[in-house]
Amino acid sequence: MDSTNTFIQSVPLEYFVILSTILFSLGVLGVLLRKNAIIILGCVELMLNSVNLLLAAFSAYKGDGNGQILVFFIMVVAAAEVAVGLAIITMMYRNTKNVDVSIFNKLKG
C-alpha cells in the first residue's frame with residue numbers, strides 16, 4: 001500500500017460522504033433554481049464530480065481500483081456532456097443573444 005492510500009484512509013470515510021452529499025445538493029439546487037444555461041452546466045458538473053469523489057474515496061478505502069476506473073468513464077461522459085452542452089448554448093446565444101433557459105418555452109408549438 002502506498003502513502004497516498006494511507007493518507008486518504010486516515011481521513012474518516014464519513015467526511016467524504018458528507019462532503020459529497022453537500023456538493024451534490026448544491027448542484028441540484030443550482031440546476032433547479034438558476035436560469036442561466038452556463039451555470040446549469042456547471043452545476044451538473046458539480047454533481048458528477050461529487051459522485052466521482054465518493055467513488056474514489058470508496059475505492060481507496062476498499063483498496064480496489066474498480067471505482068477509479070468507473071470515475072474515468074464518468075469523466076469521459078462529463079466531457080462529452082460539456083461539449084454538447086456548450087454547442088447548444090453557443091447556438092442558443094447566436095440565435096437569441098441570451099443564455100436564459102426560460103426562452104426554451106417559446107419553442108413549444
Side-chain angles (χ1 to χ4, degrees):
M1 188 177 291
D2 61 354
S3 63
T4 305
N5 279 346
T6 308
F7 173 72
I8 290 176
Q9 289 175 346
S10 67
V11 178
L13 188 60
E14 292 83 18
Y15 291 175
F16 287 108
V17 172
I18 291 169
L19 177 63
S20 181
T21 303
I22 290 170
L23 290 175
F24 192 85
S25 300
L26 286 173
V28 169
L29 283 175
V31 167
L32 293 177
L33 298 178
R34 296 296 187 148
K35 291 187 178 191
N36 189 333
I38 296 172
I39 292 176
I40 291 173
L41 273 178
C43 290
V44 169
E45 289 293 319
L46 185 65
M47 290 188 295
L48 287 172
N49 285 326
S50 70
V51 172
N52 284 342
L53 173 67
L54 200 58
L55 280 170
F58 280 129
S59 177
Y61 270 83
K62 188 176 178 186
D64 188 18
N66 291 335
Q68 294 173 1
I69 293 171
L70 192 57
V71 165
F72 175 73
F73 285 115
I74 292 173
M75 291 175 90
V76 169
V77 170
E81 175 254 334
V82 166
V84 171
L86 286 178
I88 291 171
I89 290 172
T90 302
M91 290 307 296
M92 184 172 74
Y93 183 76
R94 282 185 185 173
N95 291 330
T96 63
K97 301 295 183 216
N98 195 356
V99 291
D100 191 5
V101 292
S102 64
I103 64 168
F104 284 131
N105 288 335
K106 296 177 184 177
L107 297 176
K108 292 180 182 178

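Numbering starts at 1 and runs along the sequence shown.
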Revision key, fill the gap. From the list Leu46, Ile89, Val82, Val84, side-chain contact (heavy atoms from CB on, under 4.5 Å) with Leu41 holds only for Ile89
Practice item. Check side-chain contact (heavy atoms from CB on, under 4.5 Å) between Val31 and all other residues, then give those that pass, not counting sequence neighbours. Key: Ile40, Cys43, Val44, Met47
Point to revise | Counterpart residues, side-chain contact (heavy atoms from CB on, under 4.5 Å), relative to Tyr15 (two or more places apart) | key: Val11, Pro12
Review point. Linking Ile, Leu, Val, Met, Phe, Trp and Tyr by side-chain heavy atoms under 4.5 Å, what else ends up with Val77?
Key: none
Check your understanding: What distance separates Ile74 CD1 from Leu48 CG, expressed to the nearest 0.5 Å?
Key -> 7.0 Å
Exercise for review: Quick one: pull up CD in Gln68 and CG in Asn52 and give me the separation to the nearest 0.5 Å.
Suggested key: 11.0 Å
Review point. Pairs in or reaching into residues 90-101: which pass side-chain hydrogen bond (donor to acceptor under 3.5 Å, both in side chains), with residues at least two apart or in two chains?
Key: Asp100-Ser102
Point to revise | Residues that Asn66 engages under side-chain hydrogen bond (donor to acceptor under 3.5 Å, both in side chains), provided they are two or more places apart | key: Asp64
Study note, to complete from the structure: Ala78 and Glu45 have their tightest heavy-atom pair at O-OE2, 3.3 Å
Exercise for review: Apply side chain to side chain contact (heavy atoms under 4.5 Å, CB included) to the pair Asn49 and Leu53, showing each step before the final yes or no.
Suggested key: CA-CA 6 Å; Asn49 285 326; Leu53 173 67; over 6 Å; no
Check your understanding: Can you hop from Val71 to Ile69 via hydrophobic side chains spaced under 4.5 Å?
Key -> no
Which atom pairs, one a donor and one an acceptor, fall under 3.5 Å between side chains of residues 19-29 and the rest of the protein, sequence neighbours left out?
from: Ser20; atom 1: OG; to: Ser50; atom 2: O; distance (Å): 2.7
from: Thr21; atom 1: OG1; to: Val17; atom 2: O; distance (Å): 2.7
from: Ser25; atom 1: OG; to: Thr21; atom 2: O; distance (Å): 2.8

Practice item. State the CG-CE distance between Leu86 and Met91, to the nearest 0.5 angstrom. Key: 13.5 Å
Point to revise | Over all atoms of both residues, closest heavy-atom pair of Gly65 and Ser59 | key: CA-OG, 3.9 Å
